[in-house]
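Notes to accompany the following structure.
Counting starts at 1 for both ligands and their atoms, in listed order.
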Amino acid sequence: MMYNLTDINTVKNLLSRHGFTFRKSLGQNFITDPTVCPKMAELAGITKDDCVLEIGPGIGVLTVELAKRAKKVVAVELDARLLPVLARTLDEFPNVFVVNADVLKTDLAALAAEHFDPADRVFVCANLPYYVTSPILMYLLESGVPFAGLTLMVQKEAGQRLTAEIGSRDAGAVTYAMRYYAESEMLFEVGRQSYTPAPQVDSCVLRLTPRKAPPVDVEDEAFFFRTVRAAFLHRRKTAVNGLSAELGLSKETVAAALTEIGLSPTARAESFSMEQMAALARKLRAAR
Ligand code: SAM
């Protein structure tokens with residue numbers, strides 16, 4: 001039986017029959033605006049030859065739209081209480097596999113090898129749980145799985161940070177870290193009234209396109225990411241203090257490195273270009 005998963009009464013009946021109550025701590029806000037999931041799945045650019053990894057299918061409202069367009073969908077859901085619900089709502093889609101797991105504890109390369117053909121393009125499409133947006137995003141990008149594209153719904157502020165120009169006020173540590181792996185693009189905004197229950201914040205849908213090669217030479221990726229985090233430790237202050245404290249270097253050493261790459265010793269991290277951030281990481285690594 002096909003369920004109308006954007007009809008509030010259908011959703012309420014379905015969930016109450018399974019004794020399900022929403023868990024805020026798991027970021028459980030389900031889309032009930034009928035226009036959002038088809039638009040998201042369409043913009044993801046998936047064809048019948050492609051595979052999709054979805055994170056947090058909930059009751060399957062986006063999963064259904066993905067299943068209609070893709071060859072195969074693997075959906076990773078942490079909350080075991082949703083499995084019997086998904087078994088019903090996805091009953092008509094033999095091309096969907098639900099995996100009950102925490103995505104952050106899942107070996108994604110092994111999951112991809114188990115479910116997808118190496119020749120298939122694999123996309124990620126997900127309405128991410130907001131409490132772990134950045135960790136999941138970085139986990140996906142660092143997984144080594146060559147995703148063709150990631151279409152993600154995130155909190156609006158997170159979306160603004162992720163699509164911010166490097167060197168602008170909206171940029172943060174995650175902007176640099178993400179941009180190392182992918183290009184990003186804002187697709188559309190989603191108001192809080194599009195969900196049940198309605199969250200306190202608005203959202204947006206982004207597309208990330210993984211790069212074939214990193215945009216800068218960093219020598220040591222782990223140290224580059226540590227440098228980025230340290231530089232942004234005190235966001236609205238100069239980068240020196242965070243860099244010195246987190247990397248165990250004197251302020252003089254950090255200030256000298258900043259000067260050598262043409263930055264002021266009182267510069268803030270948000271003003272660094274990607275090349276300057278990479279050059280700084282190289283210098284500080286050598287100075288240890
Ligand atoms: N896709 C559905 C939709 O668009 O209506 C639900 C999205 S809801 C914002 C996030 C979903 O992620 C919930 O179903 C939640 O249980 C699940 N989730 C939360 N943390 C997770 C994790 N670490 N791994 C996998 N799923 C998780």
Next on the checklist: Closer than 4.0 angstrom, basic N to acidic O: yes or no for R161 and E157?
Outcome noted: no
Item to check | Cationic N near anionic O, under 4.0 Å, E246 to R229 | outcome: no
Checklist entry - So, R285 and D220, do they make that salt bridge, N to O below 4.0 Å? => result yes
Checklist entry - Between I31, L78, D33, which one has a non-hydrogen atom sitting closest to atom 21 (C) of ligand 1? => result L78
Checklist entry - Among side-chain atoms of S244 and N241, is any donor-acceptor pair under 3.5 angstrom? => result no
Checklist entry - Strictly under 4.0 Å, does any heavy atom of K105 approach an atom of ligand 1? => result no
Next on the checklist: Between D170 and S168, is there a side-chain donor-acceptor contact under 3.5 Å, judged purely by atom types and distance?
Outcome noted: no
Checklist entry - What part of A126 sits under 4.0 Å from ligand 1 if we count only heavy atoms: the side chain, the backbone, both or neither? => result neither
Next on the checklist: Working note: N100 + E77, criterion side-chain hydrogen bond (donor to acceptor under 3.5 Å, both in side chains); need CA distance, chi angles, decisive distance, verdict.
Outcome noted: CA-CA 5 Å; N100 180 207; E77 173 57 59; over 6 Å; no
Item to check | Protein contact of atom 1 (N) of ligand 1 - nearest heavy atom, named by residue and atom, plus distance | outcome: G56 O, 2.8 Å
Checklist entry - V132 near ligand 1, heavy-atom distance under 4.0 Å? => result no
Checklist outcome for this item: With heavy atoms and a 4.0 Å threshold, my read on which part of C37 contacts ligand 1 is neither
Checklist entry - Does Y130 have a heavy atom less than 4.0 Å from any atom of ligand 1? => result no
Checklist entry - Is the shortest distance from a heavy atom of G60 to ligand 1 less than 4.0 Å? => result no
Checklist entry - Where's the contact between E54 and ligand 1, heavy-atom distance under 4.0 Å: side chain, backbone, both or neither? => result side chain
Checklist entry - Taking the minimum heavy-atom distance to atom 23 (N) of ligand 1, which of N100, L82, I55, D102 ranks first? => result D102
Item to check | Protein contact of atom 4 (O) of ligand 1 - nearest heavy atom, named by residue and atom, plus distance | outcome: N127 ND2, 2.8 Å
Checklist entry - Do T209 and E183 have side-chain atoms, one donor and one acceptor, less than 3.5 Å apart? => result no
Checklist entry - In the protein, which heavy atom is nearest to atom 9 (C) of ligand 1, and how far is it? => result G27 O, 3.0 Å
Checklist entry - Do T89 and D91 have a side chain donor and acceptor closer than 3.5 Å? => result no
